[in-house]
Each structure stands twice: as structure tokens, then as C-alpha cells.
Amino acid sequence: MALTVDISPREAEVLELIGAHLSNAEIAARLCISVRTVESHVSSLLRKLEVPDRRALARRAPEPADAGPSHPAPVLPTPLTSFIGRADERAELTEMIKAHRQVTAVGPGGVGKTRLALAVAAKAAGEYADGVWFVDLVPVTDPVLIATTVAGALGLGEQPGRDMTESVAAALADRHALLVLDNCEHVVDGVALFVERLLATCPRVTVLATSRARLMVPFERVYPVPPLSLAVDGESDAVALFMERAAAVGRPLDPPLRDQIAAICARLDGMALAIELAAARCPTLGLDGITAALSHPLRMLTGGSRADERHRSVRGALDWSHALLEPADRALLRRVSVFVAPFTAAAAAEVAGSEEGLVADGLARLSEQSLLVVTASPRGTEYRALETIRQYGMERLAEAGELIDTRSRHVRWCLARAAELAVARADWRARFDAVADDLRAALAWAAERPEQRTDAYRLARCLAELTFTRNLISESQGRYEQAAALADDPAAAASMLRQAAAVAGCRMRGDDMDRLHRAAADAARRAGDTAGAACDLATAAANAYRFSSKFVRKLPQREATALIAQARELAGDDPAAQAAVALAEAGQALTEAFGAAQGPDDQAMPVTIARAERAVELAHRTGDPLAESAALDTLTGVRSWAGDTFAAADTARRRVTLLSSTPTTPAGTHELIEALGEAAEAGLGAGDLPGARRWARQLADHPLLAEVGHRAVGWLLVADTLAGDLDEVLTGSVRFLDAWQRADGPAKSVLGPPAAAVATIHGLRDDQDALREWRAVLNRLGPSPANTYGYGAVFDGMLLLHHGQAPQALRRMAPEPGEVWQWVTWIWLHWYVALRAEAAVLAGSPGARDRLAEARTVVAGNPVAAALVERARALLDDDRERLLATVDAFDAAGCRYQSMRTLVLAGGDHAARGAAALADLGFAPMAPAPRMPPE
């Protein structure tokens, strides 16, 4: 569809990617802009194209000039050399991936599986609306990292609350895409599990794998990749490849030599890699020299009885190429084979144990012989060995007795790179990604060797820290646990397990938090640290109360009591342990006292508050901001449930301030994310809209939440709705809905307020279709007393009052606050009371004046709610001057919508000005205001 509105070039790019079904996070990564900038462009496009949602935007994405279907460009590596022949194989494999959802191209190393798959994928790209993606699995040393590698190729991050496989499956669930998984043989079992889960949840995804062995998964179709044709109707792909590669290195061959070339290719059984290696020698050896070198005695020095004929031909070519190298170049080839990712000459020099200048010359010679591939990168010239050659080099390294020394130097090189990465720089992510696979490979080797245990522990700890910074939080937790298993010192093991528990908290894995803190307690006991063990046990109990929504298995009350008793016994007079025990006891008291539907009794409330305050005091004495933050969290909850709105807000603000200067660690990040959400929530309850929006924005922008937009922007949507910032809500709601749908629509109670808020905005816009859609989302989140009596009543009341339905609003908020205290006391009490009083006035309720008097007492100190009550009182008294005075009060409180609504309620010229302002903001006209006396 042709676009007829004026959109900017950047908006056009965003619209095209929306049409390609990319998420905001993916668009941001593709265009190198922030997620927030993407959201702004999406909001602008929604307005300019006058469509209600992202799906409608995708339908408005322009088609290419040829009017064919729009497809994203395939994300495939660019081959450095041309692809020769294989017309029949390309056609056959193309038809197979059209007919079957999973095809594996199998064959020995060097037969040309990867190049064939790339050629087929590039040709088929137009058939897949959501793109073609290539994933090289060569660097993967642990099957657990298969999904992480795929996610990296797709530009996806991890969704907290899901493992990486689930995150990838969620991102591809509605995509029509081709995924090429290259070099699967060394992790074939892990690939099989990943592919099976992917195919089960992504019905429009096709997987083309290359491997030396089949995957053995349901629906797999195997395509055996044959050698290059030696002679078909007078033509030979093998000969054509030899001649093209020989010409590329400066030795064009005359056609009359084809028979001699054909004989060489026949000796090499048509294996593509072997032919390329032979052709690279043509300038120095000539065809006669190559023929002599490939004589039968030399070939029989290779492979042995375990290798089939094709393997022996490749090995023969490799042995032959290797034998022709100078000794120094042979040594260099086998030593650089430890690198699984592209490497520089400087890196090769460190690992090879030689001078950089000499190594650079040697790498150039190896490249000239087609034993290394050369590429340019921001880091400079880089080298890479094809996987078959790399494996050959590793075998030679072992045969030379150099494996341990070279691997050890590689481990030390990795440790040095990890230390450099500890310093954050603008290019940190690219620098990490460039060496991450080598760090993993070095760790996998070192972890299996007792003499390398110390270095393996250091590398696992560094990799845990780095992957957390990179937001690979599943891997980070696993690396911390691996470091704990490698640690010789049980105290160090306990420290690593605590870090792992904190990462589990960031992943929303409460059960893992519990398991890891208990394991840390055991390690601390082995180290003789009974106070540390007490902290771990008490923390496990406290977490069960603080983060109950993150647990699958709810911790039984008796089990929590037993943990606290054990912790109390071990704590002694250690301040940190005593503070941890006090926090667990306060959490338990809070749960017991406030668990009843109508709240705690009069005796339990002061006792619970006192326990929480003591926990804060003891934590503060330790000087540990994270311990104090945890205690402040519990105190905020106690004060909230007790109905002390302003004290709760003050405590929440104090917690955020405390954490603002703490280092970025897993535990600190976990506390900060929770604290920002709590502060935004508590700020809303106290009427501090600017503060609430500031903290909610920090939460929305936190990189750890980039893939879970529904969690990230939730409180920001609520704050923007109450403030009346329609554009911000429309922008954020796109991110919320997109992420929520990709997460399979989780029914989390915390998502209810933002869904209700967005529905209200659409109601205020009088967009009935969008209102119905968002109310359907709200219904899918499940019935909740908070929706019925809390935020649902507040947002419904706002909407009904806007449309002049005051009697209906009064009925919607009929229950007295004291009757439903638990659902309105948290953050909604002041809003509920104020709007209820306004509804009583506008509905002409006989008890309106009494209700206003009660409300004025309840909301005192809340700038927004107090202005609402004051406005309602002015309406009741027909006092236009007092009514208009609330305009300034609303403006000062950051509440534009209520400010404009006041002008409309004032009538006369003020009403016209207010109506125009509301229209400019995007709101539908308000219902006629009650009659005010003439000015």
C-alpha cells in the first residue's frame, strides 16, 4: 500500500521493520538507536497513519518497488569466494526445505555443506516473510549455549523468567523464517533438543542444519551432500572449482589442461576443501608437482581404517598441504587452531609463544595457502581457520605434544582479555562478543584438568561477571555455579553461590534463589563461617516472603520457620547475621499479620511495624546498603498495608537513594529493579507524579528488562495515564502489548494496572475498538479484587466522569474504603476516595458534603488527590474562583489532564479553552459540565 502521509526517513525505516514483524528491541539493535527512540517513532506513526495498534501499522508498511512481498534481507555471511556449480544439488535441497520443516545436509568435513546451505538459503530468502538467519555453531562448546548463540545471531536478548530457548521460541513463534544451523556435529544432541522444542512452538519456522551426522529428531529429512561432480555431460564442477581458485591465486589454467586437472580432482574424490587447498598450491608446484605430491603412498599415510574414502581424501590434502609448509608455519597452524573465533596477529603471537612480527608473516603465508581465511574488522586484520582445518590442527597439536602448553597459554590470554573487559568502554559489547567464544572454549578445557583448576575458577568467575553485564543472565547464573564447583576454598564457593542466587532473582527464578542460598549456607559451614551460613538461611526465608511471586513452589510456613530457627541458632552476635535474621522475622510477621482479607488486628500492627523498623536499624549498622535495602523493602510493605501512604513513599524513596551509588552487581541490580518499581508505585499513591514517572522511566530503560517490555513499562503506563500524557501511553502500550504477546500473555497481577490504564486512555480518546482490545487483555490477566475495588475502580471512575456518567461512577465506587481496605490502601486509597467524592458531588448525592469532609482528611498531603477534593468542593459550593485555583495545583503536580478538565468544569470561556486543550492532547470531548453561576 502506498503511503500518502508525510513521514520522516527514520520513521520509514521503522515502519518497514515493523512490517517485517521485528520487536522494538530488535528494531533498536538493527538501527543502532535506543528502544525509547523506537517507541517515539512508533507513536508518531500511529498518529500520522491514524491506526490503532502495531498490527495495523505492519499492514501499512510499504511494499518494494516491484510490488512483490516485502522481505527482510537475509542475515547470511558474505562468502569471500564465488560459489561454483552444484546446480542439481541446489535445486534438490531448495525443494526439500519447501516441503519439510527440518532438513539436515549431512556429509564429511570439507565436502561443501556450509557453502551449499548458504547458496540455498540466499536463493530461498524471498520465500520467508520474516527473513533467513545463519547461525555458526562452531564456537559452541557447551550444548546449553546453543540457544544463546542462536539468540545472538537473531539479535535477541534473554527474557527474565524464561530460559534462552524459551526466549528464542517466543520471538519466532509467529515468524515465517528460515534458520540455518551450521556445523552441528559436535553438539548434535543439544541441537536436536533445541530444534525439537523450536519446531513444536514455531509452526512457520524451517530449520536447515549442516552436520556430519543427522540430528535424529522428528520430521527430519536428510540430504546427503555429494562430492563435486567429476564429469557430467562433459562438464565437471570439481574442475571448474579448481580452475577458478587457481586463477584467483594468479595461475590461470588453459582449457587443454582440463584432463590433468580432472585426474587431480578424481584423486581428491571431488571434495571441495581438498580441491581448494590443491588449487592454492598451483602457482608454486604446478599441476605436475601437485600430481606427484598426491601419489598413492602419501595418501595412505592418512586417515587409517576408521576414515571412509572421502575423509581420507580431505585428510590427504591436508597432510599434503601441511607437509609442504616450513616447520615454523606448521607449528603456527597447529597452535592457532585453539582459537574458535577470529583472531588477530597479536593474539596469535601470545598463544603461539612467538614474536608478533614473525607470527604476522606466518599467518600471511598460511592465508596464501588457503589454510586460513582473512577478514577485515574494526579490530584490524583477523584470521580464521575453517572448522575442518582447525580440527586437523588440533590433532597435530596433540601429536606434537604441545596441546597442554598451547592450551594453557590460550587460557592465560583469555584471562588477560577478561581482565581488560572489566573496564567498561563505549565499545564494550563488541569487544566482549569478539572474545566470548574463546573464553568459553578455554574454560571448557581448563575445567576438565585438575592442574588448571585455579585458572578455570578465575575464568568461570570472570565469565559469570561479564555475561551478567552482557545481560546473558542464564549463562551468568550457570557460570557462577560452575565457579563455585571449581573453587578450592569453600568460602569462595559460598560467595559464588550467593552471586548465582542474585542472578536467579534477576531471572525471576525464586526456586533457584532458595536452592542456591541453601547451598551457600552449606559451603559457609564447611568454611567454618557459621555467621555467613546464618545469613544465607535467613535470606532464603526472607526471599520466600519478599519475592513470593517468583516462586513456583511456595515455601511452606513451617519450612520458613525452621530456616529462621536454624539461622538464629548460627547467628551468634554477628551483626550481619542478626540483621538477616531480623529481616526474615519481620517478613514472617508481615505475612502472618496482614494475610487476613480485612487486614491485621490492632495488636498485630504495631508489633509488625516495630519488627520491620528494627530490621532496618540492624541492617543500617552493618554498613551494607543491599542489606539495608532489603529491610527497607519490608518496612515499605508494612507501612503500605498499615495505610501509612506517605511513610511508605518516603521509605521507598530512601531505598532508591541508597541504591543509586552502589556498584552494578547481580545483587545490586536485583534490588534496584525491585526498588524502582516499588518507588514508582508508592509515589503514585502519594500523588508524587513527577517522582513516580522518573523512577518508572528508569525502570523502563533498564537494559535487563529490554526483552520484557510488559514488565519494564508497566508503572510508567500507569503514571502517564494518571498524568494525562496520552502520546506517552500510546507509545509505551505498543511495547507492553508486543512483549506481553511474545511472552504468551502471562496472567501476572502486577500487569493489571497498566492494562487498565491503557484501556482508560483509549476510552478517554473514545476509541471503542482499542478499548475493547485492552479490556480483553485485562480479562486475560484474570479476575482480581484489586481490579474490582482498587485500580479498576479508579480508572473506571475517571472514564465515567469524563463522559458525564457521575451516577454510574458513584455506583462503581460504592464500597466504603474501610470495607475493602486491602485492595485500596496500597496506592489507590487517595485516588479512590477523591474520585468517589467528586462522583458524589456531580451525581447530586445527598451525602456529598459529608463525603467531601472525610475525603479531605484522608488525602491531606497528596497534591493531586487534594486538588481533586478541593475542586469537587468548589463545584458543590458553586465557587468558580476556588475551582480555577485548582488548575495551578494540578499543573504543579504534573497532572495536565485534570488541569484541562477543571477548565471545562468551570464553564464559559474557560470551558472552550479547556476543551480545545483536551482535543490538542488527543482526548475526546468531555460531557457537558454542571451549570456554574455566571462570571
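Note that these values count all heavy atoms, side chains included, but never hydrogens, waters or copies made by symmetry.
- Note that OH of Tyr223 and CG of Leu116 are 6.5 Å apart. Values are rounded to the nearest 0.5 Å.
- Taking the charged nitrogens against the carboxylate oxygens, Arg115 and Asp182 have no contact shorter than 4.0 Å, which rules out a salt bridge.
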Pair Asp189-Met216, side-chain contact (heavy atoms from CB on, under 4.5 Å): steps then yes or no: CA-CA 9 Å; Asp189 291 338; Met216 303 296 289; over 6 Å; no
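- Aromatic ring orientation, Tyr392 versus His322: perpendicular (interplanar angle above 60°, classes split at 30° and 60°).
- To the nearest 0.5 Å, atoms CG (Leu145) and CZ (Arg440) are separated by 5.5 Å.
- Note that the CD atom of Glu89 and the CG atom of Asp237 stand 6.5 Å from one another [nearest 0.5 Å].
- Here the CG-CE distance, from Leu208 to Met96, works out to 9.5 Å after rounding to the nearest 0.5 Å.
- Between His176 and Tyr128, the ring-plane angle classifies as tilted under the 30° and 60° cut-offs.
- Taken from CZ in Phe83 to CG in Leu118, the straight-line distance is 9.0 Å, to the nearest 0.5 Å.
- Salt bridge annotation for Arg509-Asp163: absent, with no cationic side-chain nitrogen under 4.0 angstrom from a carboxylate oxygen.
- Residue His186 holds its NE2 atom at 8.0 Å from OG1 of Thr141, rounded to the nearest 0.5 Å.
- Salt-bridge annotation for Glu220 and Arg214: present, with a side-chain N of the basic residue lying under 4.0 Å from a carboxylate O of the acidic one.
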side-chain contact (heavy atoms from CB on, under 4.5 Å) evaluation trace for Val140 with Asp437: CA-CA 7 Å; Val140 177; Asp437 289 325; 5.9 Å; no
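- When each of Ile146, Val150, Thr149 is checked for a side chain to side chain contact (heavy atoms under 4.5 Å, CB included) with Leu181, only Val150 meets the rule.
- Between the side chain of Asp142 and the backbone N or O of Val144, at least one donor-acceptor pair lies under 3.5 Å.
- Between the side chains of Arg221 and Thr104, not a single donor N or O lies within less than 3.5 Å of an accepting N or O.
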Test side chain to side chain donor-acceptor pair (under 3.5 Å) applied to Ser474 and Arg507, step by step: CA-CA 7 Å; Ser474 291; Arg507 297 181 62 216; 3.2 Å; yes
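- A donor atom on one side chain and an acceptor atom on the other are found under 3.5 Å apart for Gln391 and Glu387.
- Under 4.0 Å is where a charged nitrogen must lie from a carboxylate oxygen, and between Asp738 and Arg735 no such pair does.
- Heavy-atom neighbours of Phe219 CZ from other residues, nucleotides or ligands within 6.0 Å: at or below the threshold of 12.
- Side-chain atoms of Trp740 come within 3.5 Å of backbone atoms of Pro746 as a donor-acceptor pair (strictly under, hydrogens ignored).
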Step-by-step side-chain contact (heavy atoms from CB on, under 4.5 Å) determination, Val373 to Glu382: CA-CA 8 Å; Val373 176; Glu382 291 186 331; over 6 Å; no
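- No hydrogens or angles considered: a donor-acceptor pair under 3.5 Å links the side chains of Glu244 and Ser82.
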side-chain contact (heavy atoms from CB on, under 4.5 Å) between Leu333 and Arg396, intermediate numbers included: CA-CA 9 Å; Leu333 178 65; Arg396 287 293 189 173; over 6 Å; no
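- A salt bridge between Glu475 and Arg470 is absent, with no side-chain N of the basic residue lying under 4.0 Å from a carboxylate O of the acidic one.
- A donor-acceptor contact shorter than 3.5 Å is absent between the side chain of Thr201 and the backbone of Ala169.
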